[in-house]
Amino acid sequence: MPLHPPRPITPVPPRPVALTVLAVLAALALTACTSTPLAPVARPRAVRAPATTATALHRLVTDGAPGAAALATRNGRLSLPSPDHRPSTAPLRGGTSQFTAVGVADLRSGRKMGRLDRFRAGSLTKTLVATVVLQLVGEGRLALDDPAAEHLPPGVPLTGAGGANDLRRVTIRQLLDHTSGLFNYTEDPHLAEQLHGTGFVAHRYDRHTPTELLRIALAHPPTGAPGTRSPRHKGTAGAPFAYSNTNYLVLGLVIQGVTGHPYAEELRRRILAPFDLRGTSFPGERPTLPAPHGRGYTLIDGHQVDSTDLNPSRAGAAGEMITTLVDLNRFFAALLGGRLLAPRQMAQLRSEKATHGAYGLGVYATRLPCGVTVWGHNGDINGSYAQTAGTADGRHLVSYRVNTDDPTDQGDGTAVLTAEFCPSRDRPD
């Protein structure tokens, strides 16, 4: 199915490709927001796209994606956070942006991908969820080493599989960096048959609740004790990292337990509204995409099947988000630029120590072939794959997407980032 862990890009410790939609592709989830076109990010100047970026997007299409698009933002000047570290909503100033698209957004009409097109972002949802959890940590409403069970709403199951799983022994930090050992519910054989392949066609509109999905996960033995290396997942040598969508499913419930509001409501209040992310929404059970949008496609038995519409409740806080390339760049510019979290929480967000360099608390680092390190996340779900990466200060970012599931050649995604961040004679200064 379309939820997977972050796919590694190069040198940096390999990120698990457990079902490849890491979201590693790990990704899925939704609720509703306005479909009003996004306000431009201070109307940056357009620049000619590096020839290598267009070439990298063409590779994605050549390797099977109907269409591919990227939006780069360079040299944005960010407002500093206020002394009390409350989010600054001042827009990015100056800088340049470039939108590049190849292929088509719709195989029937031949429509091209647009800069403001909505699409499903899968596990990129996780970074927003992690941001709000860390805001709650900064507010003193929970601690990273608190047991998850202390902050869950009443009625949420805490144990399963003969007591081997126990959310009283799993901490908030272990959920955030995927070291909890909780089984990835999207890998349950019965559910996976319904989420992928021919089963997707028959079950695309099925409704799921977070509690139901958590019970599925808890019914399986854990992949390892909390904080220890999983024997099933081959992550970075010696690392206790095992990407699991279940972790963020639980974190969505933690946000609800702490705030008294559904996780999507808190994300809208704390992130979408203050930063004017009008193209981003959490659809809940709504199967359609807001306009404007193209189509999403899944290869099933050798045929491109239109998978645009589906019930995203299977993903929830692990990956239901709908967004745009503009909003992804705006969000990551704010996050990496220090406008959403205090310095202490920013350090926690970036810490990959517990996973030996595989994953932080909702983001991960990618070291490109030229030695440049960028930060971000990726995600996919039926019919869509996307990734955002940026410099540590958030002043240089690129988000790209394809309108199909997990791209078959992981090197294609690396090529997009390399084209954008590695020096080239084709790239403008």
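The minimum heavy-atom distance linking Tyr185 with Ile216 is given by the pair O-CG2, 4.3 Å. Between Pro222 and Ala164 the shortest heavy-atom distance is CD-CB, 3.6 Å. A pairwise comparison of heavy atoms in Ala217 and Thr246 identifies CB-OG1, 3.5 Å as the closest pair. Closest heavy-atom contact between Met113 and Ala69: SD-CB, 3.6 Å. The shortest non-hydrogen separation linking Pro157 to Leu167 is O-CD1, 3.5 Å. Considering every non-hydrogen atom in both Gly103 and Lys112, the closest pair reads O-CD, 3.4 Å.
The side chain to side chain contact (heavy atoms under 4.5 Å, CB included) check on Arg350 picks up Leu336, Met346, Trp375, Ala392, with sequence neighbours excluded. In this structure, the side chain to side chain contact (heavy atoms under 4.5 Å, CB included) partners of Thr171, at least two apart in sequence or on a different chain, are Arg173, Gln174. Residues passing the side chain to side chain contact (heavy atoms under 4.5 Å, CB included) test with Arg207, sequence neighbours excluded: Thr209, Glu285, Asn311, Ser313. Every side chain to side chain contact (heavy atoms under 4.5 Å, CB included) that His220 has, sequence neighbours left out, goes to Phe183, Asp188, Pro189.
Residues Arg401 and Gln387 are not in side-chain contact: their nearest non-hydrogen atoms beyond the backbone lie 4.5 Å or more apart. Side-chain contact between Val129 and Tyr263 is present, with heavy atoms from C-beta onward closer than 4.5 Å. At a threshold of 4.5 Å between non-hydrogen side-chain atoms, the residues Pro210 and Leu249 count as touching. By the 4.5 Å heavy-atom criterion applied to side chains, Arg118 and Thr323 are not counted as neighbours. Counting heavy atoms from C-beta on, the side chains of Thr404 and Ser384 never come closer than 4.5 Å. Side-chain contact between Leu182 and Asn165 is present, with heavy atoms from C-beta onward closer than 4.5 Å. The side-chain heavy atoms of Phe119 and His293, taken from C-beta on, include no pair separated by under 4.5 Å. Between Leu328 and Leu71 there is no side-chain heavy-atom pair separated by less than 4.5 Å.
Checking Lys126 against Asn245 by side-chain atom types alone, a donor-acceptor pair falls below 3.5 Å. Side-chain contact annotation: Ser180 with Asn247, donor-acceptor N/O pair under 3.5 Å present. Side chain to side chain, Thr298 and Asp405 meet the donor-acceptor criterion of an N or O pair below 3.5 Å.
Interatomic distance, Thr73 OG1 to Phe332 CZ, rounded to the nearest 0.5 Å: 12.5 Å. The distance from the CD atom of Glu420 to the OH atom of Tyr400 is 12.5 Å, given to the nearest 0.5 Å. Distance OH/Tyr364 to CZ/Phe241: 9.5 Å, rounded to 0.5 Å. The CG atom of Asp327 lies 4.5 Å from the CG atom of Leu277; values are rounded to the nearest 0.5 Å. The line from CZ of Arg270 to OG1 of Thr259 is 7.5 Å long, rounded to the nearest 0.5 Å. Put simply, CG on Leu128 and CD1 on Ile271 are 4.0 Å apart, with the number rounded to the nearest 0.5 Å.
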inquiry  = As a quick check of understanding, evaluate side-chain contact (heavy atoms from CB on, under 4.5 Å) for Leu340 and Phe331, giving each step before the final call.
reply    = CA-CA 9 Å; Leu340 277 160; Phe331 165 69; 3.6 Å; yes
request  = Kindly determine whether Val416 and Asp412 satisfy side-chain contact (heavy atoms from CB on, under 4.5 Å), including the steps that lead there.
outcome  = CA-CA 7 Å; Val416 175; Asp412 289 351; over 6 Å; no
key: Verdict with reasoning, Asn329 to Ser399, per side-chain hydrogen bond (donor to acceptor under 3.5 Å, both in side chains)   = CA-CA 6 Å; Asn329 278 12; Ser399 294; 2.6 Å; yes
inquiry  = Would Arg286 and Ser281 count as a side-chain contact (heavy atoms from CB on, under 4.5 Å) here? Give the steps.
reply    = CA-CA 11 Å; Arg286 189 187 70 222; Ser281 60; 3.7 Å; yes
task = Take Asp117 and Arg111, measure what salt bridge (charged side-chain N to carboxylate O under 4.0 Å, His left out) needs, and give me the verdict at the end.
result = CA-CA 11 Å; Asp117 277 1; Arg111 175 187 180 278; 2.7 Å; yes
query = side-chain hydrogen bond (donor to acceptor under 3.5 Å, both in side chains) between Gln194 and His190: does it pass, once the steps are laid out?
reply = CA-CA 7 Å; Gln194 299 176 359; His190 178 68; 2.9 Å; yes
inquiry  = Walk me through whether Ser307 and Arg204 qualify under side-chain contact (heavy atoms from CB on, under 4.5 Å).
reply    = CA-CA 8 Å; Ser307 53; Arg204 66 196 300 165; 4.2 Å; yes
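Of the candidates Thr355, Leu176, Thr127, Val133, Leu176 is the only one forming a side-chain contact (heavy atoms from CB on, under 4.5 Å) with Leu361. Each of Asp106, Asn403, Asp306 was checked for a side-chain hydrogen bond (donor to acceptor under 3.5 Å, both in side chains) with Arg295, and the lone residue meeting it is Asp306.
The backbone N or O of Met321 lies less than 3.5 Å from a partner atom in the side chain of Thr125, making a donor-acceptor pair. Here the side chain of Tyr297 pairs a donor or acceptor atom with the backbone of Leu107 at under 3.5 angstrom.
Classified by interplanar angle (parallel below 30°, tilted 30° to 60°, perpendicular above 60°), the ring pair His178/Tyr359 is perpendicular.
Residues in residues 244-256 take part in no salt bridge (charged side-chain N to carboxylate O under 4.0 Å, His left out) pair, two or more places apart or across chains. Note on residues 150-164: pairs passing side chain to side chain donor-acceptor pair (under 3.5 Å), not counting sequence neighbours, are Asp146-His151.
Within a 6.0 Å radius of CZ in Arg344, other residues, nucleotides and ligands contribute 12 heavy atoms or fewer. Within 6.0 Å of CG in Asp145 there are more than 12 heavy atoms belonging to other residues, nucleotides or ligands. Within a 6.0 Å sphere centred on CZ of Arg168, heavy atoms belonging to other residues, nucleotides or ligands number 12 at most.
Between Arg268 and Glu265 there is no salt bridge, since no side-chain N of the basic residue sits under 4.0 Å from a carboxylate O of the acidic one. Of the charged side-chain nitrogens involved, at least one lies within less than 4.0 Å of a carboxylate oxygen, so that Asp276 and Arg278 count as a salt-bridged pair.
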